> 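The structure follows.
Predicted model only: the values in this text are computed from it and were never measured. Sequence lines set the chain letters: A, B, ... in the order given, protein chains first and strands last, and positions in each chain run from 1.
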Amino acid sequence: MSIPYNPETVELSAQKYWEESRCFEVDEDPDKEKYYCLTMFPYPSGKLHMGHVRVFTLNDVIARYHRLQGKHVLQPMGWDAFGMPAENAAIERGIPPAKWTYSNIEDMRGQFKRLGYAYDWTREVTTCRPEYYRWEQWLFTRMFKKGLVYRKNSIVNWDPVDQTVLANEQVIDGRGWRSNALVERREIPQWFMKITDYADELLDELDRMPGWPDSVKTMQRNWIGRSEGVELSFDVAGEDEPLTVYTTRPDTLMGVTYMAVAAEHPLASKSAATNPDVAAFIEDCKKTDAQEATLETMEKKGMPLGISAIHPLTGEEVPLWVANFVLMSYGTGAVMAVPGHDARDWEFAKNHGLPIKQVIAPVDGSDIDINQEVFLERGVLINSGDYDGLDFDGAFNAIADHFEKSGRGSRKVNYRLRDWGVSRQRYWGTPIPIIYCDDCDAVPVPDDQLPVVLPEDVVVKGTGSPLKDMPEFVNAPCPNCGKDARRETDTFDTFVESSWYFARYACPDSDAAMLDDRAHYWTPVDQYTGGIEHAILHLLYSRFFQRVMRDEGLTDVSEPFTNLLTQGMVLKDGSKMSKSKGNTVDPQELIKKFGADTVRLFMMFAAPPEQSLEWSDDGVQGSFRFLKRFWSAVTDHTEKGPVVEMDTNKLNQTQKELRRKTHQTIAKISDDIGRRHSFNTAVAASMELLNAINKLGDDSDLGRAVARESLEAVVVMLSPMVPHICHALWQELGHASALIDQSWPVVDESALELDLVEMVVQVNGKLRARLSVAVDASNEAIEAEALADENVQRFIDGKAVRKVIVVPGRLVSIVV
RNA sequence: GCCGGGGUGGCGGAACUGGUAGACGCGCCGGAUUCAAAAUCCGGUUUCUUCGGAAGUGGGGGUUCGAUUCCCCCCCUCGGCACCA
């Protein structure tokens, strides 16, 4: 009787072997083809969850697969260690964020090791360590000198009770999560990075990134939102300054019946000084949070300012309104309204009794009623004086030319993308390396004073940053003039750390530069895996930072991630696992019960990687059962002693069939893992092959040789997913060298050859017969055989055959 | 509201380039083994059916000899929307 499968023994022994032989530690070997395989690094929450297990297993499978393909694989791991949860833990439990974070990292590292991931732990990166963040401080000061960063006012969520800035996540139904106070919008000065300087490059390069999913590229394109339009100015009655607006539809200019400005616009403030209703309206506009989804879905409100703008073409007066949906931070803070041809303007005009004027007619000449329904399509101009009869392009150019000639406007390319606000009014983050001096203004911290170290021994109270109360941190001499000055107490958005860590893994210990030569060897990342929720922000910021580093001479690489795989969430009972819903499953317990391989296998088998994965306890049982079957299939085989060399010419029909299945499966799994990243079907194919091996039941020398070849192939091909059991079974099969150093099996084309192929016959699209035909049969012969079939004849039933379509190797379609 | 996904048996999913819908697994049913149970093994399993077949991939329409796959409209659901990471 063979030894039963004991996951714990098998797994700890494999992990011990990998650790002792240090087989996942890699150097920069110019003679080898490198493969950099990376997962989005985790926030160290302290507890491994199923989402982690899923993404890290996916990436580990890809890394191990490429290693078996002979590549020199780097798979590092690190910690996105700054962020709000550490501050929250500090407030709730009085533990300093640093202490909490470091202890979480210790816990999680141990949990990851138990899952058997092939990481090079010598390259671990922890973003809250000064050795790490000093380099982003350094890069920020370079960007400062180049004018790539600047300071301006921008809106935050203000909690008037806790006297603190809230993250969007901390605003629940417009109220502060702790105080329950109504959140207000407040403007404060913040630092911005000029990502818009790179907008065109970030957009254009998307067309040359075949390794990224189309959906992600589309989302980024739409986010950047390049548009071509015209910026033009309207005079305002009684004002010196004209009102500038941007429009992508200058062809509708004659349809402007009103204009609207943001609540923060100077013209609104001016009107508010004399009009208490407007003042009240502006106050009301502040009582909302700063999220786009809130602004887009809230009731569109407005109020006339009692001021008129002068239409630049007709000279007519159009009323000026203040409206809650116009944002000061977008464009010029003012819009021209064309209710006939813009959905939002139409609805607003309907609600406030403003006139709606049709200036575009459908190209096909059909009649429309602009008071019943807005007309959004491009068409032919009407009611537009000299411009009547022009199409969109003609009108765009004529009107743009008119404004450019008169100097009252110009063609302009606009982006929806806004500059990246990196200031956070929080403690647990990278200090922004700026010193404010009364004489010299904002001065970057000089290189020899970097890093600006975040003090770790603090008490966090939840009402503003504790740094403000630490004179030893705040007080610093001005680097320029030496006068007493004050440090910036805001910290960076944590997206800053995650925008360059992937490059730092190449040289985590470099203390002379942000990146060194080793980064030339390893970057760009060949395969990046992470959650779809990062499709825009993290990935766009990283693409931006990579270019900033490139333009700083640190690298030649422009695109950080050659291939991208975005994985779906892990759900239970149809919704995201979360503590509040009480539907979490603890990976630790499962590993204890079934072992890491079972958990890994279920994760790979239960769903394709991009889709959400529905958790199932029964499914885990099934995976465990399969591994037990796999184990006994191999041990039962080896118990019967050694096998003889296989002479493929002497195989009988069933032996030949198993051998064909083996090589078909090698081809399928290679394609499933290597090209399609379709791990669930790769597992299914392994299961099918194992079922076929078990069915063979042929203890002859040749039978056992064929089974042996199949078993070895399955052991190697399943090893990326379930590396521990495969490590043990490889030894069981009598090999002296470790599985981790083997090569991926090769398809023997001659084993795939077939004499007969099954084809189906359809009559009027319905399946009526199956034929077994010779592979080299002519279409005519196949057609004749199909028509001769008894059941086919029954359905043709004397009717005239109108058409016969033969798809070689697949089907015959007969139309009567 | 805007942008991007997803919707197929009782369940997770497969069908890759328009060509056999339901691979593989779970669950369930039947059988073997067992004093019995667990475990294991074998077989069956979309629905309806007059047993000839018919219907069927969120709903409605279209293109095609043929549509889960392509096009149009709609519904539901998930992710993102710039301070969660």
> So which nucleotide does B/rU57 pair with, by the Watson-Crick or G-U wobble rule with both distances under 3.5 Å?
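In the structure as shown, B/rU57 has no Watson-Crick or wobble partner.
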> With RNA chain B as reference, determine whether A/R770 or A/I814 sits nearer its 5' end, using the nearest nucleotide of each.
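Result: A/R770.
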> Taking the minimum atom-to-atom distance to the side chain of A/K695, which one of B/rC26, B/rA82, B/rG43 wins?
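My answer, after comparing the listed nucleotides, is B/rG43.
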> Can you tell me how far the CE atom of A/M603 sits from the CZ atom of A/R54, to the nearest 0.5 Å?
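Going from the CE atom of A/M603 to the CZ atom of A/R54 covers 7.5 Å.
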> For atom P, what is the distance between B/rC26 and B/rU40, given to the nearest Å?
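One P to the other, the span is 10 Å.
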> Rounded to the nearest Å, what distance is computed from the CG atom of residue A/D214 to the C1' atom of nucleotide B/rC3?
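For the pair A/D214 CG and B/rC3 C1', the rounded distance is 15 Å.
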> Under 4.0 Å between a side-chain N/O of A/T494 and OP1 or OP2 of B/rA85, yes or no?
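It does, given that an N or O in the side chain of A/T494 lies less than 4.0 Å from OP1 or OP2 of B/rA85.
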> Any chance the side chains of A/T164 and A/D159 put a donor and an acceptor closer than 3.5 Å?
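There is no such pair (donor and acceptor under 3.5 Å, judged by atom type) between the side chains of A/T164 and A/D159.
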> Is A/N680 close enough to B/rA14 that one of its side-chain N or O atoms is under 4.0 Å from OP1 or OP2 there?
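So the side-chain polar atoms of A/N680 do come within 4.0 Å of the phosphate oxygens OP1 or OP2 of B/rA14, strictly under.
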> Given the C1' atoms of B/rG66 and B/rA32, what is the spacing between them in whole Å?
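These two C1' atoms come out 45 Å apart once rounded.
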> Examine B/rA55: is either OP1 or OP2 under 4.0 Å from a nitrogen or oxygen in the side chain of A/K766? Give yes or no.
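Yes, within the criterion.
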> Taking the side chain of A/M84 as its heavy atoms from C-beta onward, which of B/rC84, B/rG1, B/rC16 lies nearest to it?
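Closest nucleotide to the A/M84 side chain: B/rC84.
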> Closest approach to the side chain of A/R418, judged atom by atom: which nucleotide of B/rA82, B/rG4, B/rU20 is it?
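For A/R418, the side-chain atoms sit closest to B/rA82.
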> By the rule that syn is within 90° of 0, classify the base conformation of B/rG44 as syn or anti.
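What B/rG44 shows is an anti base, its glycosidic angle lying more than 90° from 0.
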> Looking only at atom P, what distance separates B/rC73 and B/rC28, rounded to whole Å?
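Nearest-Å result for B/rC73 against B/rC28 at atom P: 45 Å.
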> Between B/rG58 and B/rG7, how far is it from one P atom to the other, in whole Å?
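One P to the other, the span is 8 Å.
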> With a 4.0 Å cut-off, would you call A/R424 and A/D493 a salt bridge?
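Judged by the 4.0 Å cut-off on N to carboxylate O distance, A/R424 and A/D493 do form a salt bridge.
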> Could you please name the option among B/rG13, B/rC24, B/rA85 that lies closest to any side-chain atom of A/H534?
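Among B/rG13, B/rC24, B/rA85, the one nearest the side chain of A/H534 is B/rA85.
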> Closer than 4.0 Å, any side-chain N/O of A/N764 to the OP1 or OP2 of B/rG66?
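So the side-chain polar atoms of A/N764 never come under 4.0 Å of the phosphate oxygens OP1 or OP2 of B/rG66.
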> In whole angstrom, what separates A/W223's CH2 from B/rG79's C1'?
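So the two atoms are 13 Å apart, to the nearest Å.
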> Which part of the nucleic acid, if any, lies within reach of A/S813 when heavy atoms closer than 4.0 Å are counted: base, sugar-phosphate only, or nothing?
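Contact class for A/S813: base.
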> Between B/rG80, B/rU40, B/rG52, which nucleotide gets closest to the side-chain atoms of A/E533?
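The answer is B/rG80, which lies nearest to the side chain.
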> Taking atom types as modelled, find out whether A/N168 and A/D289 have a side-chain donor-acceptor pair closer than 3.5 angstrom.
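No, no side-chain donor-acceptor pair sits under 3.5 Å.
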> Let's test this: given Watson-Crick or G-U wobble pairing with both distances under 3.5 Å, identify the partner of B/rG9.
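Across any shown strand, B/rG9 pairs with none.
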> Any idea which of B/rC16, B/rA85, B/rC81 is nearest the A/D671 side chain?
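So the side chain of A/D671 is nearest to B/rC16.
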> So which nucleotide from B/rC65, B/rG19, B/rA85 ends up closest to the side chain of A/R810?
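Per side-chain heavy atoms of A/R810, the pick is B/rG19.
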> What pair of heavy atoms forms the shortest contact from A/T566 to A/V216, and how long is it?
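Closest pair (atom of A/T566, atom of A/V216, distance): CG2-CG2, 4.0 Å.
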> Atom NZ of A/K628 to atom C1' of B/rA38: distance rounded to whole Å?
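Those two atoms, NZ and C1', are 10 Å apart.
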> State the pairing partner of B/rG27; accept Watson-Crick or G-U wobble contacts with both distances under 3.5 Å, and report none otherwise.
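By the stated definition (distances under 3.5 Å), B/rU45 pairs with B/rG27.
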> Expressed as a whole number of angstroms, how long is the span from A/F325:CZ to B/rC2:P?
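After rounding, the reported distance stands at 15 Å.
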> What is the separation between atom CZ on A/F82 and atom C1' on B/rA85, rounded to the nearest whole Å?
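Interatomic distance, CZ of A/F82 to C1' of B/rA85: 15 Å.
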> Quantified in whole Å, what is the P atom distance between nucleotide B/rG25 and nucleotide B/rU77?
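Approximately 34 Å lies between the P atom of B/rG25 and that of B/rU77.
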> Between B/rG52, B/rG25, B/rG19, which one does the side chain of A/M687 approach most closely?
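In terms of side-chain proximity for A/M687, the closest of B/rG52, B/rG25, B/rG19 is B/rG25.
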> Using the P atoms only, state how far B/rC65 lies from B/rG60, rounded to an integer number of Å.
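Each nucleotide's P atom is 23 Å from the other's.
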> Quick one: is A/R625 getting a side-chain N or O under 4.0 Å of the B/rC26 phosphate, OP1 or OP2?
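For B/rC26, OP1 or OP2 has a side-chain N or O of A/R625 closer than 4.0 Å.
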> Heavy atoms from C-beta onward define the side chain here; which of B/rC81, B/rG13, B/rC16 lies closest to that of A/L537?
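Comparing B/rC81, B/rG13, B/rC16 against the side chain of A/L537, the answer is B/rC81.
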> So that I can tick it off, tell me whether A/D671 and A/K668 are bridged by a salt bridge, with the cut-off set at under 4.0 angstrom between side-chain N and carboxylate O.
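Not counted as a salt bridge, because no side-chain N and carboxylate O are separated by less than 4.0 Å.
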> Contact class for A/W420 (heavy atom, under 4.0 Å): base, sugar-phosphate, or nothing?
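It contacts nothing in the nucleic acid.
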> Taking atom P in both B/rU46 and B/rC11, what distance in whole Å separates the two?
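13 Å, rounded to whole Å.
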> Are A/Y528 and A/W212, when compared by the centres of their aromatic rings, separated by less than 6.0 Å?
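No; A/W212 has its ring centre 6.0 Å or more from that of A/Y528.
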> Does A/R221 place a side-chain N or O at less than 4.0 Å from the phosphate oxygens OP1/OP2 of B/rG4?
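No, outside the criterion.
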> Tell me which nucleotide, if any, is Watson-Crick or G-U wobble paired with B/rA85 when both distances must be under 3.5 Å.
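Paired with B/rA85, as far as the under-3.5 Å criterion goes, is no nucleotide at all.
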> Is any side-chain nitrogen or oxygen of A/N222 closer than 4.0 Å to OP1 or OP2 of B/rG4?
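Yes.
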> Could you tell me the separation between the CD atom of A/E758 and the CG atom of A/L756, rounded to the nearest 0.5 Å?
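Rounded to the nearest 0.5 Å, the CD-CG separation comes out at 10.5 Å.
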> So which nucleotide does B/rG79 pair with, by the Watson-Crick or G-U wobble rule with both distances under 3.5 Å?
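Base-paired to B/rC3.
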> Would you mind pulling out the nucleotide paired to B/rU40, Watson-Crick or G-U wobble, both distances under 3.5 Å?
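For B/rU40, the partner nucleotide comes out as B/rA32, under the 3.5 Å rule.
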> What nucleotide, of B/rG25, B/rG27, B/rA23, holds the atom closest to the side chain of A/F605?
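Side chain of A/F605 sits closest to B/rG25.
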> Sort out the partner of B/rC16 for me: Watson-Crick or G-U wobble, both distances under 3.5 Å, none otherwise.
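When the pairing criteria are applied, nothing turns out to pair with B/rC16, so the answer is none.
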> Does B/rG52 adopt a syn or an anti glycosidic conformation, taking syn as a chi angle within 90° of 0?
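You should classify B/rG52 as syn.
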> Using the closest heavy atom to pick a nucleotide of RNA chain B for each, name whichever of A/M219 or A/L613 lands nearer the 5' end.
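The answer here is A/M219.
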> Examine B/rA82: is either OP1 or OP2 under 4.0 Å from a nitrogen or oxygen in the side chain of A/R424? Give yes or no.
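A/R424 to B/rA82 OP1/OP2: no side-chain N or O under 4.0 Å.
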> Can a side-chain donor-acceptor contact be found between A/E688 and A/T665 if the only test is distance below 3.5 angstrom?
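No, because no side-chain N or O of A/T665 sits under 3.5 Å from a partner of the opposite role on A/E688.
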> Say you pick atom C1' in B/rC74 and the same atom in B/rG80; how far apart are they, in whole Å?
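Their C1' atoms lie roughly 24 Å apart.
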> Tell me if the side-chain of A/R802 makes a donor-acceptor pair with the base of B/rC65, cut-off 3.5 Å, by modelled atom types.
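Donor-acceptor pair under 3.5 Å: no.
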